[in-house]
Engineer: 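Sharing a structure below in structure tokens format, with a few things to ask.
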Amino acid sequence: MSTWFARVGLPLSPGEDAALDAFLRSIVPAVPKAVDAVASWPDAASYLRLREHDATWWDQEEAEREVLWLHAAEQRSEADLLQGVRDVTRAVGTEIRESALAAATLAGVTDGALAHAATGMALLAAHQAAVAQMAGVGPDHWFIRKYALFAGGRWPLGYHAARFAIF
């Protein structure tokens, strides 16, 4: 049984809370943790609409991905990097898509676009984690931690208005 999206909407367990804390500290070590636990698929959709107007989180992630890509490109060819990312996302893509759709359907969500958004964000996390690994960063890098939150059944939605939302 897949764990992708299996814990969305549930209260954070102590282990998940610790993993989320470690993730947030790996991004901004000195900032106190400000988290919104999103409780439902409609609430996640609302959050995503709010976040569309604030590109800060996306810009920060993309800047980090670019730095890691350049670092990885010092050690591998561009073709190897592309193939590595492709291999990782292909390996998990079907399971992620099916799990997102199943979790949304189980929750009574009829909007396929929301499951598609969940799939896209999880695949992006897989891409980012693959780039981080190819760049040789350790397991404490925030892309690796973000991917682990997804793989553990959560949907890290990102930052908006100085708060991090997780579903």
Side-chain angles (χ1 to χ4, degrees), residues 1-10 12 16 19-20 23-24 26-27 35-70 72 78 81-135 137 139 141-167:
M1 183 173 167
S2 174
T3 58
W4 296 98
F5 304 103
R7 299 222 11 99
V8 295
L10 298 174
L12 291 170
E16 289 171 326
L20 180 58
F23 165 70
L24 295 173
S26 69
I27 301 168
V35 174
D36 290 328
V38 175
S40 70
W41 285 87
D43 290 346
S46 295
Y47 178 83
L48 291 175
R49 282 190 294 278
L50 286 173
R51 208 186 85 181
E52 288 175 2
H53 305 290
D54 182 359
T56 305
W57 175 250
W58 168 258
D59 292 344
Q60 183 179 357
E61 283 193 335
E62 187 56 18
E64 180 67 6
R65 190 202 59 79
E66 288 175 7
V67 167
L68 293 173
W69 187 273
L70 291 173
E78 189 84 8
L81 291 174
L82 292 170
Q83 188 62 49
V85 168
R86 200 171 12 254
D87 289 347
V88 167
T89 55
R90 280 185 183 156
V92 296
T94 300
E95 184 179 1
I96 288 172
R97 275 187 285 283
E98 290 173 356
S99 297
L101 186 57
T105 301
L106 184 64
V109 175
T110 58
D111 180 8
L114 187 53
H116 182 72
T119 298
M121 290 179 77
L123 287 171
L124 175 60
H127 172 106
Q128 292 167 331
V131 172
Q133 288 173 336
M134 289 186 288
V137 300
H141 189 275
W142 58 292
F143 282 175
I144 305 294
R145 291 181 186 272
K146 176 183 163 189
Y147 180 76
L149 288 168
F150 268 110
R154 292 297 179 170
W155 180 3
L157 293 163
Y159 272 102
H160 174 71
R163 298 188 63 80
F164 189 83
I166 187 162
F167 179 34

Engineer: Okay, side chain of Ser26, backbone of Phe23: is any donor-acceptor separation there less than 3.5 Å?
Structural biologist: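 Answer holds: yes.
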Engineer: Mind checking the CD-OG1 spacing from Glu61 to Thr56? Nearest 0.5 Å is all I need.
Structural biologist: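 The CD atom of Glu61 sits 12.0 Å away from the OG1 atom of Thr56.
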Engineer: Tell me if the aromatic rings of Tyr47 and Phe167 count as close, with their centers under 6.0 Å from one another.
Structural biologist: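 Judged by ring-centre distance (under 6.0 Å), Tyr47 and Phe167 do not meet the cut-off.
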Engineer: To the closest 0.5 Å, what do you measure between OG1 (Thr119) and CD (Glu95)?
Structural biologist: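 These two atoms lie 11.5 Å from each other.
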Engineer: Distance from Glu64 atom CD to Gln128 atom CD, nearest 0.5 Å?
Structural biologist: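 Nearest 0.5 Å value for the CD-CD distance: 9.5 Å.
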Engineer: Using the test salt bridge (Lys or Arg N to Asp or Glu O under 4.0 Å), find all partners of Asp111 that sit at least two apart in sequence or belong to another chain.
Structural biologist: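 Scan of Asp111 (salt bridge (Lys or Arg N to Asp or Glu O under 4.0 Å), adjacent residues dropped) gives none.
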Engineer: Got a sec, which residues hit side-chain contact (heavy atoms from CB on, under 4.5 Å) with Glu98, two or more places apart in sequence or on another chain?
Structural biologist: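 Counting only residues at least two positions away or on another chain, Glu98 forms a side-chain contact (heavy atoms from CB on, under 4.5 Å) with Thr94.
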Engineer: Can you tell me if Thr3 uses its side chain to pair, donor with acceptor, with the backbone of Gly152 under 3.5 Å?
Structural biologist: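 A pair under 3.5 Å: no.
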Engineer: If you compare all heavy atoms of Phe150 against all heavy atoms of Ala118, which two are closest, and at what distance to 0.1 Å?
Structural biologist: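 The pair with the smallest heavy-atom distance is CE2-O, 4.4 Å.
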Engineer: Between CG of Leu124 and CD of Glu62, what distance do you get to the nearest 0.5 Å?
Structural biologist: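 One gets 8.0 Å once the value is rounded to the nearest 0.5 Å.
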Engineer: Starting from the C-alpha separation in whole Å, work towards a yes-or-no answer on side chain to side chain contact (heavy atoms under 4.5 Å, CB included) for Leu48 and Leu114.
Structural biologist: CA-CA 9 Å; Leu48 291 175; Leu114 187 53; 4.0 Å; yes
Engineer: Taking the side chain as every heavy atom from C-beta outward, state whether Val131 and Leu81 have any pair of such atoms under 4.5 Å apart.
Structural biologist: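 When only atoms from C-beta onward are counted, Leu81 and Val131 do not touch, as no gap falls below 4.5 Å.
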Engineer: If you define the side chain from C-beta out and look only at heavy atoms, does anything of Ile27 sit under 4.5 Å from Trp57?
Structural biologist: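 Touching, per the 4.5 Å side-chain cut-off.
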Engineer: Within the structure provided, determine whether Leu24 and Leu20 are in side-chain contact (heavy-atom separation under 4.5 Å).
Structural biologist: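 Leu24 reaches Leu20 side chain to side chain.
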Engineer: What's the spacing between Arg7 CZ and Arg154 CZ if we round to 0.5 Å?
Structural biologist: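 Going from the CZ atom of Arg7 to the CZ atom of Arg154 covers 5.0 Å.
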Engineer: Determine the interplanar angle of the Phe5 and Trp155 rings, folded into 0 to 90°, and report it as parallel if under 30°, tilted if 30 to 60°, perpendicular if over 60°.
Structural biologist: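 Phe5 vs Trp155 ring planes: perpendicular.
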Engineer: Please confirm whether the backbone N or O of Ala19 pairs with a side-chain atom of Arg145, one donor and one acceptor, at under 3.5 Å?
Structural biologist: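 Answer holds: no.
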Engineer: For His141, give me all partners under ring-ring contact (aromatic ring centres under 6.0 Å, His included), at least two apart in sequence or on another chain.
Structural biologist: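 Once residues adjacent in sequence are excluded, the partners of His141 under the ring-ring contact (aromatic ring centres under 6.0 Å, His included) criterion are Phe143.
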Engineer: Please evaluate residues Trp41 and Val8 with respect to the criterion side chain to side chain contact (heavy atoms under 4.5 Å, CB included), reporting the C-alpha separation (whole Å), side-chain torsions for both, the decisive distance (0.1 Å), and the verdict.
Structural biologist: CA-CA 8 Å; Trp41 285 87; Val8 295; 3.8 Å; yes
